[in-house]
Amino acid sequence: MPVPAKRRSRSRGRRNRAHDALTKNKLVKCPKCKKPTIPHRVCPNCGSYKGKEVIKLKTKKKREKK
């Protein structure tokens, strides 16, 4: 069972939270489109992985005004 908050000292409580800090995402440049992407993932901008096209992305078509 957990110990009540008043019985745990400040240093012990803070020591338990030492690993809860957030870290920034690491980004690398896509070799094809040169936009930042997460490493070891398909580029969301051009659909390539390691310089090769893996996914064909749909282009957004503009509606013609009537």
Side-chain angles (χ1 to χ4, degrees):
M1 255 177 102
V3 178
K6 298 282 183 187
R7 292 188 176 258
R8 185 181 289 182
S9 68
R10 282 186 184 174
S11 62
R12 282 188 181 211
R14 290 176 180 166
R15 206 178 323 148
N16 289 340
R17 290 186 291 274
H19 302 290
D20 291 348
L22 299 175
T23 57
K24 289 185 178 181
N25 290 337
K26 308 293 185 207
L27 298 175
V28 296
K29 286 186 180 179
C30 173
K32 200 168 187 180
C33 67
K34 308 298 183 203
K35 293 198 177 183
T37 61
I38 301 171
H40 305 288
R41 301 289 192 283
V42 175
C43 178
N45 299 312
C46 64
S48 65
Y49 180 70
K50 291 187 178 180
K52 298 177 185 176
E53 186 177 346
V54 180
I55 299 173
K56 291 185 181 178
L57 298 177
K58 295 180 182 178
T59 57
K60 295 181 180 178
K61 295 181 182 178
K62 294 182 182 178
R63 293 185 180 181
E64 295 179 16
K65 293 183 180 179
K66 293 184 180 178

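The structure places NZ of Lys26 at 9.0 Å from NZ of Lys24, a figure rounded to the nearest 0.5 Å.
Residues Thr37 and Cys43 approach most closely at CG2-SG, 3.5 Å, considering heavy atoms. When every heavy atom of Glu53 is checked against every heavy atom of Lys32, the shortest pair comes out as CB-NZ, 4.0 Å. Residues Pro36 and Leu27 share a closest heavy-atom pair of CB-CD1, 4.0 Å. Listed here is the closest heavy atom pair of Val54 and Tyr49: CG2-CB, 3.6 Å.
Under the 4.5 Å side-chain heavy-atom criterion for grouping Ile, Leu, Val, Met, Phe, Trp and Tyr, Ile38 is not connected to Val28 through any hydrophobic cluster.
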